[in-house]
Chemist: 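Pasting a structure here, questions to come.
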Amino acid sequence: MFEKGWTSRAFPWASIESIDWWDGKEVELRGWLANRRSSGKIVFLIIRDGTGFIQATVALNETFSREDLKFLERLPFESALLVRGRVKREPRAPFCGYELEVQGVRVLSIPQEEYPIQKKEHSVEFLMEHRHLWLRSRKQNAILRVRNAVIMGIHEFLQKEGFILIDPPILTPAACEGTTTLFELDYFDLGKAYLSQSGQLYMEAACMAFGRVYCLAPAFRAEKSKTRRHLTEFWMVEPEAAFFTFEDNVKLQEQLVSFIVQKVLAECSRELEVLERDIKPLERVVPPFPRISYSEAIEILQRKGFSIQWGDDLGGDEETAISEEFDRPVFIHHYPKAIKAFYMQPDPENPDLVLNDDLIAPEGYGEIIGGSERIYDLDLLEERLREHNLPREAFEWYLDLRRFGTCPHSGFGLGIERTVAWICGAHHIRETIPFPRQIYRIYP
RNA sequence: UCCUCGGUAGCUCAAUGGUAGAGCGUCCGGCUGUUAACCGGAUGGUUGCAGGUUCGAGUCCUGCCCGGGGAGCCA
């Protein structure tokens, strides 16, 4: 294995993201060869270490011979390297304004085949087939770092608001909403089980034990959806709070979303720059968000020429048209009871409506939140189960929640991937999750 | 499930029914500041699969497989 100019002295292991801190000092970088260029007597190695990219320069000198440079300029992409050198401020250097003057290189591994992903455009199919390698590229790294900040922001905000993390089951005995969109599997001698499509019902149980709870878990939907907003496996945060009214619930949603966006702006400026995200629309994301009722939404859509009638559900195009009317996320509330889930509390002023809200992200990213106040009256909930032809036995435990100390409570679900896609300005939701699961893709 | 577009070299794409090509990558050589470096040379094919029409099919027809975009549904 190639080793040149290495000494047994220990050098500090520096990360590229904080390389400015090491200006003028000798450090060791541990990473991979992302690109290289040569010019006869100088070789430029582009090193990535997971935290960033930096240019390292190897010059012909007493340490590196002509043959050494020849070797380095032929080193295959994605070779694993330890590189020692001096950090130097350098305006000509790409990425971060610093470069590493290399004094020693140790090559830990050399790919025996050509690295498939090149510095050029690739088809979606090819990139998805190589998702395990695509993760190494700069934009994918940036998107998943934003995802990390979003998830950490959710925990930070909800914990601060007194919410307790409660993990829901993934294997469940019955549907939470419709039964047509469930992944089904055999469960020993107990018949069929299903992958969870929401943790909500379990959060309702938990909020009666802890007051304020939330889960952050995967949800599975066997919908045969093939759009840029759909995955069969996605992540959702679902807060649920006892004694929260519709109004409390909506306020919590706009505070949470604002907090997340402002956190990303504060902590991920490099990532947003790599993604070429225009941050002006994000800077406007502060409370209060505009609110319109479902009926007002229908009026707006009819004025804009949509052939939609009161009672119809809103599709993707309709959501986009509504969001265009506002400069920040917009709530649409009080939908007709008939097109919403069985557990939503009726509006006391109009029993044909429910106390629910959807939050529509700006710039055409669609619905990112669905929330509601929940039915807490036993008789009414039983009636709704019958209307929706749901198997009562499977919901006995859920009905128990209305038999013992029932009270008003509310909650919502926020889709992690749609939120990340919106904040990043990503073309497609599949880039916002490390290994997307889609109707025609389960590999890698 | 439906609508729509596509599948040709490792990758991205050309090719009127008539000898399958280019750029990039890779390999070899050159270059002391490159920025997806550049310059010269070399390398590269069961045209997704099966059948059919035709003197002749990457091209036309039928079926199948795989994928992209969208709809419905949803976060």
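Each chain gets a letter, A, B and so on, in the order its sequence line appears, and its residues count up from 1.
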Chemist: Give me the distance, rounded to whole Å, that separates B:rC74 from B:rG67 when you measure between the P atoms they each carry.
Modeler: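 To the nearest whole Å, 26 Å.
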
Chemist: Please give the distance between the C1' atoms of B:rU4 and B:rG33 as a whole number of Å.
Modeler: 50 Å

Chemist: For A:Glu417, which residues count as a salt bridge (charged side-chain N to carboxylate O under 4.0 Å, His left out) partner, sequence neighbours excluded?
Modeler: A:Arg147

Chemist: In whole Å, measure the gap between the C1' atoms of B:rU26 and B:rG10 for me.
Modeler: 8 Å

Chemist: With centres under 5.5 Å and planes under 30° as the test, does A:Phe44 stack with B:rG33?
Modeler: no

Chemist: Could you work out the separation of B:rG58 and B:rU8 based on their P atoms and round it to a whole Å?
Modeler: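 Each nucleotide's P atom is 15 Å from the other's.
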
Chemist: Among residues at least two apart in sequence or on other chains, which ones pass ring pair (Phe, Tyr, Trp, His ring centres under 6.0 Å) with A:Tyr294?
Modeler: A:Trp310, A:Tyr335

Chemist: Give me the residues of residues 121-136 of chain A where at least one heavy atom lies under 4.0 Å from an atom of RNA chain B, by number, or none.
Modeler: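 Residues of residues 121-136 of chain A that come under 4.0 Å of RNA chain B are, in numerical order, A:Glu121, A:His122, A:Ser123, A:Val124, A:Glu125, A:Phe126.
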
Chemist: Between B:rA71 and B:rU19, how many Å separate the two C1' atoms, rounded to a whole number?
Modeler: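 The same atom, C1', in both gives a distance of 46 Å.
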
Chemist: In whole angstrom, give me the gap between the P atoms of B:rA57 and B:rA50.
Modeler: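 One P to the other, the span is 15 Å.
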
Chemist: Base, sugar-phosphate alone, or nothing: which one does A:Tyr440 contact when heavy atoms must sit under 4.0 Å apart?
Modeler: sugar-phosphate

Chemist: In this structure, how many angstroms lie between the P atom of B:rG33 and the NZ atom of A:Lys88, rounded?
Modeler: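 About 13 Å, once rounded to whole Å.
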
Chemist: I'd like to know if A:Glu431 pairs up with A:Lys139 as an ion pair, taking the criterion as any Lys NZ or Arg NE/NH1/NH2 lying under 4.0 Å from an Asp or Glu carboxylate oxygen.
Modeler: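 So A:Glu431 does not pair with A:Lys139 through a salt bridge.
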
Chemist: More than 12 foreign heavy atoms under 6.0 Å from NZ of A:Lys263: is that the case here?
Modeler: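 Atom NZ in A:Lys263 is crowded, with more than 12 foreign heavy atoms closer than 6.0 Å.
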
Chemist: Salt bridge or not for A:Glu240 and A:Arg212, using N-O below 4.0 Å?
Modeler: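 Salt bridge: no.
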
Chemist: Give me, pair by pair, the N or O atoms of the protein and of nucleotides 41-48 of chain B that are less than 3.5 Å apart, along with how far apart they are.
Modeler:
none

Chemist: Which nucleotide in the list B:rC74, B:rG68, B:rC31 gets nearest to the side chain of A:Lys226?
Modeler: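 Side chain of A:Lys226 sits closest to B:rG68.
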
Chemist: Does NZ or CZ of A:Arg36 fall inside the cone over A:Phe77's six-membered ring, less than 6.0 Å from its centre and within 45° of the axis?
Modeler: yes

Chemist: Near RNA chain B, under 4.0 Å by heavy atom, which residues of residues 31-40 of chain A?
Modeler: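 Here the set is A:Asn35, A:Arg36, A:Arg37, A:Ser38, A:Ser39, A:Gly40.
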
Chemist: Parallel, tilted or perpendicular: which one describes the rings of A:Phe126 and A:His122, with boundaries at 30° and 60°?
Modeler: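 Rings of A:Phe126 and A:His122: parallel, as their planes differ by under 30°.
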
Chemist: Quick one: list whatever passes salt bridge (charged side-chain N to carboxylate O under 4.0 Å, His left out) with A:Glu233, sequence neighbours left out.
Modeler: none

Chemist: Give me the ring orientation class for A:Phe163 and A:Tyr214: parallel if the planes are under 30° apart, tilted from 30 to 60°, perpendicular past 60°.
Modeler: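 Correct class here is perpendicular.
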
Chemist: Suppose we screen for side-chain hydrogen bond (donor to acceptor under 3.5 Å, both in side chains). Which residues come up paired with A:Arg48, at least two apart in sequence or across chains?
Modeler: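 Result, side-chain hydrogen bond (donor to acceptor under 3.5 Å, both in side chains) vs A:Arg48: A:Glu78.
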
Chemist: Please name all residues satisfying salt bridge (charged side-chain N to carboxylate O under 4.0 Å, His left out) with A:Arg437, sequence neighbours left out, ordered by chain then number.
Modeler: none

Chemist: What residues, two or more places apart in sequence or in another chain, satisfy side-chain hydrogen bond (donor to acceptor under 3.5 Å, both in side chains) together with A:Arg74?
Modeler: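 Testing A:Arg74 for side-chain hydrogen bond (donor to acceptor under 3.5 Å, both in side chains), a comparison that skips the adjacent residues, returns none.
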
Chemist: Look at A:Lys340 and B:rC73 and indicate whether a side-chain polar atom (N or O) is within less than 4.0 Å of OP1 or OP2.
Modeler: no

Chemist: Between B:rU12 and B:rG72, how far apart are the P atoms? Round to whole Å, please.
Modeler: 31 Å

Chemist: What integer number of Å spans the C1' atoms of B:rA15 and B:rG52?
Modeler: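 Approximately 24 Å lies between the C1' atom of B:rA15 and that of B:rG52.
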
Chemist: Spell out yes or no: do the side chain of A:Ser225 and the base of B:rC73 have one donor N/O and one acceptor N/O closer than 3.5 Å?
Modeler: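 Counting by modelled atom types and ignoring angles, a donor-acceptor contact under 3.5 Å is found here.
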
Chemist: What about A:Gln55: does its side chain form a donor-acceptor pair under 3.5 Å with the base of B:rU34?
Modeler: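 Indeed there is one.
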
Chemist: Both distances under 3.5 Å, Watson-Crick or G-U wobble: on that basis, could you give the dot-bracket string for RNA chain B, with [ ] for crossing pairs and | for other-strand partners?
Modeler: (((((((..((((....[..)))).(((((.......))))).....(((((..]....))))))))))))....

Chemist: I want to verify a distance call: between B:rA71, B:rG33, B:rC31, whose nearest atom is closest to the A:Glu73 side chain?
Modeler: B:rC31

Chemist: Can you pull every protein N or O that's under 3.5 Å from an N or O on nucleotides 20-23 of chain B?
Modeler:
residue : atom : partner  : partner atom : Å
B:rG23  : N2   : A:Lys120 : NZ           : 2.6

Chemist: Please enumerate all residues that pass side-chain contact (heavy atoms from CB on, under 4.5 Å) together with A:Gln309, with sequence neighbours excluded.
Modeler: A:Gln302, A:Asp312

Chemist: Does a side-chain N or O from A:Arg74 land closer than 4.0 Å to OP1 or OP2 of B:rC28, or not?
Modeler: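 Yes, such a contact exists.
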
Chemist: Look at A:Arg228 and B:rG69 and indicate whether a side-chain polar atom (N or O) is within less than 4.0 Å of OP1 or OP2.
Modeler: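 False: A:Arg228 side-chain N/O out of range (4.0 Å or more) of B:rG69 OP1/OP2.
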
Chemist: When you check the gap from the basic side-chain N to the acidic O, do A:Arg86 and A:Asp23 get nearer than 4.0 Å?
Modeler: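 Looking at A:Arg86 and A:Asp23, the cut-off is not met.
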
